Structure formats: C-alpha cells, structure tokens
Engineer: 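Submitted below is the structure of interest, expressed as structure tokens.
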Amino acid sequence: MEQQVLVTRTRIGVLADQLYRGGALAQANAFLSSGDASAMAERLLVLDQLAHDKKARIADVLSAKSALDEVKRPLDELVAQLTKTEAEQAARAKAIEAEIKKLNKLRLDAYGSQSGIGELAPVPCPTSYPGGAGAQAVKFACKQIGKIYVWGASGPDHFDCSGLTMAAWRAAGVSLPHNAKAQRAEVKSVSRSELRPGDLVFYYSDLHHVGMYAGNGWIVHASRSGLPIRMRKMDDGNIHSYGRPA
C-alpha cells in the first residue's frame with residue numbers, strides 16, 4: 001500500500017508540475033494534501049477528465065481561430081488593397097488639382113490680365129476662366145478697362161453700360177440690343193449661385209444699368225458719363241437680377 005501511495009504521489013507530482021505550468025497549481029496542491037491513496041486516485045481520474053476537457057476546449061478554440069484566420073485572410077488583403085488604392089487616388093487627385101491650377105493660370109494669361117492695374121482693376125479680370133462664349137465676352141470687356149463712358153456709345157473708343165455688354169457679347173458671336181432693360185428681357189435668367197464670368201448683372205428696379213460679371217463677386221462695367229470703364233464689387237449697387245446671353 002505504501003508503494004501504491006508513493007507511485008500515486010509521484011504521478012500526482014508530475015501532474016502538479018504540468019498544472020502549475022498551466023496556471024492550476026492550487027488544484028494539484030489539493031490532491032497532494034491527502035494521504036488516502038483511494039481518494040487521491042478518484043480525484044486524479046476527475047482531474048484527468050478535466051484536463052482532457054480543457055485540452056478539447058483549447059483544441060476547439062485553436063481550430064476556430066484557424067478557421068477565422070482563413071476567413072479573415074482575403075478580407076485583410078482586400079483592406080490592404082483598398083488602403084493602397086485610396087492612397088494612390090489621393091495622390092492622383094492632388095496631381096490633378098495642381099494641373100488644374102496650372103491650366104487656369106495659363107488660361108488667365110490668354111484671356112485676362114494676371115494682375116490688377118491699380119484702382120480701375122484691383123484684381124485680375126476675369127478672376128477665373130469660364131470657358132465657352134462667356135470667356136470671349138469677358139475677355140473683350142476686360143480689355144476695355146480705362147476707356148471713358150460716353151452715353152449711347154458702343155465702341156471702339158467709348159462705351160455706355162449696355163454698349164459695353166453688347167459689344168462684348170458681339171465679340172463672342174451673340175447679338176444683344178443696346179439697352180439694359182431690353183437685354184434683361186432677351187437673356188436667360190440665372191441665379192446668383194450659378195453666376196460665371198461673362199454673365200450680366202442688372203441693377204435697380206427700372207433696369208437702367210448693366211455690368212458684366214468677372215468672377216469672385218466682381219463686375220466690369222461702364223458706370224456713368226466721363227468716368228472710365230472699371231471693375232467694382234458686384235454688391236456695390238441695388239441688384240435686380242442676373243442673366244446669361246448664351
């Protein structure tokens with residue numbers, strides 16, 4: 001019997017060491033505290049079963065993790081690819097934006113002054129390039145800055161307000177009458193948010209004045225007799241409406 005107890009204690013010692021390494025030393029100590037070989041053997045069987053269950057659960061967890069890793073692998077690869085694609089698209093967008101700015105500068109070189117010319121044109125005229133017929137019209141109007149207003153004149157040396165807008169759009173191939181109110185009746189209405197260089201800005205309830213939108217809240221216009229054609233802030237007057245000849 002003593003030999004059996006010794007063998008059992010030896011086996012339990014080995015198991016205790018294993019359990020200690022697995023973080024269950026307290027359970028092994030409980031077995032070692034008893035000198036009854038029969039009771040210890042029964043407890044050992046229970047412990048073996050628990051260890052077996054634990055190993056089975058660990059195996060299940062490892063199997064599930066392996067399966068999850070297999071499922072996640074293509075998803076991780078997709079996320080990595082999307083991250084790379086987003087970075088490439090951001091770089092391309094930045095390059096495109098730089099090219100647009102460069103192109104706009106070249107267009108302004110061709111279609112308007114790049115810098116103000118003092119009091120008459122404090123900012124570039126036009127401030128941006130609209131494209132189409134509007135570009136031709138506003139280019140013409142901006143080139144007239146400095147010429148003196150003469151009532152009833154439509155160029156080439158003098159203009160009144162509707163004479164300037166009429167001549168500018170004539171340069172773009174569009175015919176307009178020589179009268180602000182008549183121009184308002186003939187052109188398509190646009191909203192303030194839709195304005196682009198070349199559009200017409202009409203003033204006062206009787207529509208006795210018209211200017212040409214030059215971009216960024218500026219117009220170029222012939223204001224009144226004896227004064228030069230110039231740029232001014234669009235809102236420095238009682239706006240009636242906006243129109244687009246083409």
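These numbers come from a predicted model, not from an experiment. The figures here come from the full heavy-atom set of this structure, side chains too, leaving out hydrogens, waters and symmetry mates.
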Engineer: Hydrophobic clusters join Ile, Leu, Val, Met, Phe, Trp and Tyr when side-chain heavy atoms are under 4.5 Å apart, directly or via other members; which others share one with Y213?
Structural biologist: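 Taking Ile, Leu, Val, Met, Phe, Trp and Tyr as members, Y213 shares its hydrophobic cluster with V190, L195, V201, Y203, Y204, I219, M234, I239, Y242.
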
Engineer: With rounding to the nearest 0.5 angstrom, report the OG to CG distance, S223 to D236.
Structural biologist: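 So the OG of S223 and the CG of D236 are separated by 12.0 Å.
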
Engineer: Report the residues that fulfil salt bridge (Lys or Arg N to Asp or Glu O under 4.0 Å) with R184, sequence neighbours left out, ordered by chain and then residue number.
Structural biologist: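 Testing R184 for salt bridge (Lys or Arg N to Asp or Glu O under 4.0 Å), a comparison that skips the adjacent residues, returns none.
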
Engineer: Could you list the cluster mates of L82? Members are the ILVMFWY residues connected by side-chain heavy atoms closer than 4.5 Å, either directly or through other members.
Structural biologist: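 The other cluster members (ILVMFWY side chains, heavy atoms under 4.5 Å, direct or chained) are L78.
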
Engineer: Quick check: do Q183 and F202 have side-chain heavy atoms less than 4.5 Å from each other?
Structural biologist: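 SC-SC contact between Q183 and F202 confirmed.
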
Engineer: Please give the remaining members of the hydrophobic cluster of V150, linking ILVMFWY side chains under 4.5 Å, ordered by chain and number.
Structural biologist: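 Result for V150 is none, singleton.
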
Engineer: Considering all heavy atoms of both residues, which atom of A180 and which atom of S162 are nearest to each other, and what is their separation?
Structural biologist: N-CB, 3.6 Å

Engineer: Given side chains that start at C-beta, do those of L164 and K147 come closer than 4.5 Å, heavy atoms only?
Structural biologist: no

Engineer: Could you state the interatomic distance from OG (S154) to NE2 (H178), rounded to the nearest 0.5 Å?
Structural biologist: 5.5 Å

Engineer: So, for G134 and P130, which heavy atoms are closest and what is the spacing to 0.1 Å?
Structural biologist: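 Shortest heavy-atom separation between G134 and P130 comes out as C-CG, 3.9 Å.
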
Engineer: List in chain and number order the residues that pass side chain to side chain contact (heavy atoms under 4.5 Å, CB included) with S225, two or more places apart in sequence or in another chain; answer none if no residue qualifies.
Structural biologist: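 Partners of S225 under the side chain to side chain contact (heavy atoms under 4.5 Å, CB included) test: Y149.
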
Engineer: Run the side chain to side chain contact (heavy atoms under 4.5 Å, CB included) test against R224 and tell me which residues pass, sequence neighbours left out.
Structural biologist: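 R224 satisfies side chain to side chain contact (heavy atoms under 4.5 Å, CB included) with L227 once adjacent residues are dropped.
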
Engineer: So, taking the atom named SG in C125 and the one named CD in Q144, what distance separates them when rounded to the nearest 0.5 Å?
Structural biologist: 10.5 Å

Engineer: Taking C-beta and beyond as the side chain, do M231 and L120 meet within less than 4.5 Å on heavy atoms?
Structural biologist: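 A side-chain contact under 4.5 Å is absent here.
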
Engineer: For the atom pair CD1 (I148) and CG (D160), what is the distance rounded to the nearest 0.5 Å?
Structural biologist: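 Taking CD1 in I148 and CG in D160, the distance rounds to 13.5 Å.
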
Engineer: Who passes side chain to side chain contact (heavy atoms under 4.5 Å, CB included) against A185, sequence neighbours left out?
Structural biologist: none

Engineer: Checking the side chain of T127 only, and the main-chain atoms of A214 only, is there a donor and an acceptor separated by less than 3.5 Å?
Structural biologist: yes

Engineer: Shortest non-hydrogen contact from P245 to V174?
Structural biologist: CB-CG1, 4.1 Å

Engineer: On a heavy-atom basis, which atom in P228 and which in G146 lie closest, and how many Å separate them?
Structural biologist: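 Scanning both residues, the minimum pair turns out to be CB-O, 3.7 Å.
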
Engineer: Could you go through residues 84-91 and list every donor-acceptor pair under 3.5 Å that involves a side-chain atom there, pairing it with any protein atom two or more places apart or in another chain?
Structural biologist:
residue: T85; atom: OG1; partner: Q81; partner atom: O; Å: 2.9
residue: T85; atom: OG1; partner: Q81; partner atom: NE2; Å: 3.4

Engineer: Are W218 and P122 packed together at the side-chain level, in the sense that at least one heavy-atom pair is separated by less than 4.5 angstrom?
Structural biologist: yes

Engineer: M212 and H221: side-chain contact (heavy atoms from CB on, under 4.5 Å), yes or no, with the steps?
Structural biologist: CA-CA 6 Å; M212 178 169 288; H221 73 143; over 6 Å; no

Engineer: Restricting to salt bridge (Lys or Arg N to Asp or Glu O under 4.0 Å), what partner residues turn up for D199, sequence neighbours left out?
Structural biologist: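 Salt bridge (Lys or Arg N to Asp or Glu O under 4.0 Å) check on D199 returns R244.
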
Engineer: Give me the atom names and distance for the closest heavy-atom approach of A133 to A172.
Structural biologist: O-CB, 3.4 Å

Engineer: Taking salt bridge (Lys or Arg N to Asp or Glu O under 4.0 Å) as the test, write out the residues that go with D235, two or more places apart.
Structural biologist: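 Checked D235 against salt bridge (Lys or Arg N to Asp or Glu O under 4.0 Å); matches are R192.
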
Engineer: Is there a side-chain contact between K181 and D206 (heavy atoms, below 4.5 Å)?
Structural biologist: no

Engineer: Looking at residues at least two apart in the chain, or sitting in another chain, which of them share a side chain to side chain contact (heavy atoms under 4.5 Å, CB included) with S175?
Structural biologist: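 With sequence neighbours excluded, S175 shows a side chain to side chain contact (heavy atoms under 4.5 Å, CB included) to no residue whatsoever.
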
Engineer: Enumerate the residue pairs fulfilling ring-ring contact (aromatic ring centres under 6.0 Å, His included) with a member in residues 152-172, sequence neighbours excluded, ordered by first and then second residue.
Structural biologist: none

